[in-house]
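I have placed the structure first, in the form of C-alpha cells, so that the comments after it can refer back to it.
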Amino acid sequence: MLKATILTHSLEASLADHSRAAPPPCSSQYPAAPGAGLKVSCEIVMEAVDAGLIPEGEEVVAVGGTARGWDTVAIIKSAASKRFMQLSVLEIWGKPRV
C-alpha cells in the first residue's frame, strides 16, 4: 500500500525540461480526455516508481477510476514522474463508455 501526494510539481518540472517556454501548470484541473481512470492509472504508476515499488521501464497492469470505483485497466510502461514524457500507455484493456 502506497499513500502518496499529487504529482503536480514533478510533472511541471518534467515538462519544463522539454520546453523553452514556461510550462502551463499540470493539475487536476486539466480534463482527462480518454477518461479519469486512465489519468489516475498513469499517476499511480509514476507514484509507485517514485516510491521505489516498481522499476522504470517495466510494463505493468494499472487500474484506476474515480470516487465511484475502478473503471479503467491499462498496460503502462513505467516512468518516474520527473521523466513523465517517457511514460507510455501501451494497451487499454477496459474503460468506461463516453
Side-chain angles (χ1 to χ4, degrees):
M1 177 70 77
L2 169 65
K3 186 173 183 179
T5 60
I6 296 174
L7 296 173
T8 306
H9 176 72
S10 296
L11 296 181
E12 287 176 359
S14 174
L15 291 173
D17 290 344
H18 292 279
S19 173
R20 292 175 189 220
C26 274
S27 71
S28 58
Q29 297 173 8
Y30 275 82
L38 187 58
K39 174 183 164 283
V40 170
S41 296
C42 291
E43 291 172 344
I44 289 169
V45 169
M46 289 185 285
E47 290 170 351
V49 171
D50 288 350
L53 298 175
I54 57 175
E56 285 191 82
E58 287 289 311
E59 292 184 14
V60 297
V61 177
V63 179
T66 63
R68 292 176 290 176
W70 295 344
D71 61 17
T72 303
V73 180
I75 301 296
I76 299 174
K77 186 172 181 183
S78 61
S81 59
K82 64 184 175 184
R83 285 180 282 287
F84 166 73
M85 300 300 283
Q86 294 176 7
L87 184 95
S88 297
V89 176
L90 303 174
E91 299 176 34
I92 299 173
W93 286 358
K95 71 175 192 65
R97 291 182 178 180
V98 248

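Residues take their numbers from the sequence shown, with the count starting at 1. Here the structure is a predicted model, which means the values were calculated and not measured.
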Taking [X] for the side chain and [Y] for the main chain, is one N or O donor matched with an acceptor at less than 3.5 Å?
X     : Y     : value
Ser78 : Pro55 : yes
Asp50 : Ser81 : yes
Thr66 : Arg68 : yes

Under 4.5 Å between side-chain heavy atoms, hopping through other hydrophobics if needed: is there a path connecting [X] to [Y]?
X     : Y     : result
Met46 : Val60 : yes
Trp93 : Leu38 : no
Val49 : Val89 : yes
Ile54 : Val73 : no

Can you name the salt bridge (Lys or Arg N to Asp or Glu O under 4.0 Å) partners of Glu56, sequence neighbours left out? Arg83

Given Val45, which of Ile76, Leu53, Val40 fulfils the side-chain contact (heavy atoms from CB on, under 4.5 Å) condition? Ile76

Tightest non-hydrogen contact, residues Lys77 and Gly57, listed as CE-O, 3.7 Å

Least distance between heavy atoms, Gly37 atom then Thr72 atom: CA-OG1, 3.4 Å

Mind running side chain to side chain contact (heavy atoms under 4.5 Å, CB included) on Ile75 and Val61 for me, showing each step along the way? CA-CA 5 Å; Ile75 301 296; Val61 177; 3.4 Å; yes

